[in-house]
Engineer: 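One structure follows; several queries about it will come next.
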Amino acid sequence: MRQLYIKQKVFSLSGKFTVKDQQEKDIYYVEGSFMKVPKTFSIMNAARDEVALITKKMFSFLPKFLIEVNGQEVLTIKKEFSFLKARYTIDAAGIEVHGNWWDMNFQVLQHGKIIGEVGKEWFTWGDSYKVQIIDEEMETIIIALVVAIDCVKADQASASSAASI
């Protein structure tokens, strides 16, 4: 099992941050496209090779985020039509998220088997998310999923604040 950390409030204006291991070594680099349509986040390994890409689909009725890993679309996170509380679904081959992903406290399952867990860490290098990778073959997908969920949360927060103005 491997533990990685993503600093809380990662989506700054520049959209650049790293995913670190327990020794605070950079494992992944994430770069967002600032002022570009469609909005994307590229996830690169330590050698700076792109291993995943998150794209916010612009021309759909409701927000949709596509996640590609190694050039293959593996996940879609989309907002469902709802009058009350914002609801999102995750479409993927056998991948589910159980728990409270708005509070970044959830498990990632594939075909009913836990492959990763995400929780908030309070006493690490600043508030961060701890990502436990149980199935290391799924590490890139899990990291991409966590970054995409944080992206969805940031997008929802900016939409809510724009609506209240």
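Just so it is clear, the values below take in all heavy atoms, side chains as well, and ignore hydrogens, waters and symmetry mates.
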Engineer: Taking all non-hydrogen atoms of both residues, which atom of I149 and which atom of F106 are closest, and how far apart?
Structural biologist: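 Shortest heavy-atom separation between I149 and F106 comes out as CD1-CZ, 3.7 Å.
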
Engineer: Is there side-chain contact between I90 and L145, with at least one heavy-atom pair below 4.5 Å?
Structural biologist: yes

Engineer: Kindly compute the distance separating CD1 (I142) from CD (Q107), expressed to the nearest 0.5 Å.
Structural biologist: 11.5 Å

Engineer: Shortest non-hydrogen contact from S42 to E50?
Structural biologist: OG-OE2, 2.6 Å

Engineer: What distance separates T40 OG1 from I54 CD1, expressed to the nearest 0.5 Å?
Structural biologist: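 So the OG1 of T40 and the CD1 of I54 are separated by 9.5 Å.
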
Engineer: What's the spacing between F17 CZ and I43 CD1 if we round to 0.5 Å?
Structural biologist: 7.0 Å

Engineer: Could you tabulate the donor-acceptor pairs under 3.5 Å formed by side-chain atoms of residues 66-77, not counting sequence neighbours?
Structural biologist:
{"from": "E73", "atom 1": "OE2", "to": "T76", "atom 2": "OG1", "distance (Å)": "3.4"}

Engineer: Measure the spacing between NZ of K130 and NZ of K120 and express it to the nearest 0.5 Å.
Structural biologist: 14.5 Å

Engineer: Any idea which heavy atoms bring K20 and I27 closest together, and the distance?
Structural biologist: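 That would be C-CG1, 4.2 Å.
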
Engineer: What's the separation between atom OG1 in T18 and atom CE in M44, rounded to the nearest 0.5 Å?
Structural biologist: 11.0 Å

Engineer: What pair of heavy atoms forms the shortest contact from I114 to E117, and how long is it?
Structural biologist: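 So the two residues come closest at CG2-CG, 4.1 Å.
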
Engineer: Heavy atoms, side chains only, cut-off 4.5 Å: are M138 and I95 in contact?
Structural biologist: yes

Engineer: Which atom names give the shortest non-hydrogen contact between Y28 and I143, and what distance separates them?
Structural biologist: CE1-CG1, 4.0 Å

Engineer: Quick check: is M1 connected to L109 through a chain of hydrophobic side chains (ILVMFWY, heavy atoms under 4.5 Å apart)?
Structural biologist: yes

Engineer: Got E139 and V131 here, is their nearest side-chain heavy-atom distance under 4.5 Å?
Structural biologist: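 Not touching, per the 4.5 Å side-chain cut-off.
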
Engineer: Scan K56, K57, K39, K78 and name whichever one has a side-chain contact (heavy atoms from CB on, under 4.5 Å) with F65.
Structural biologist: K56

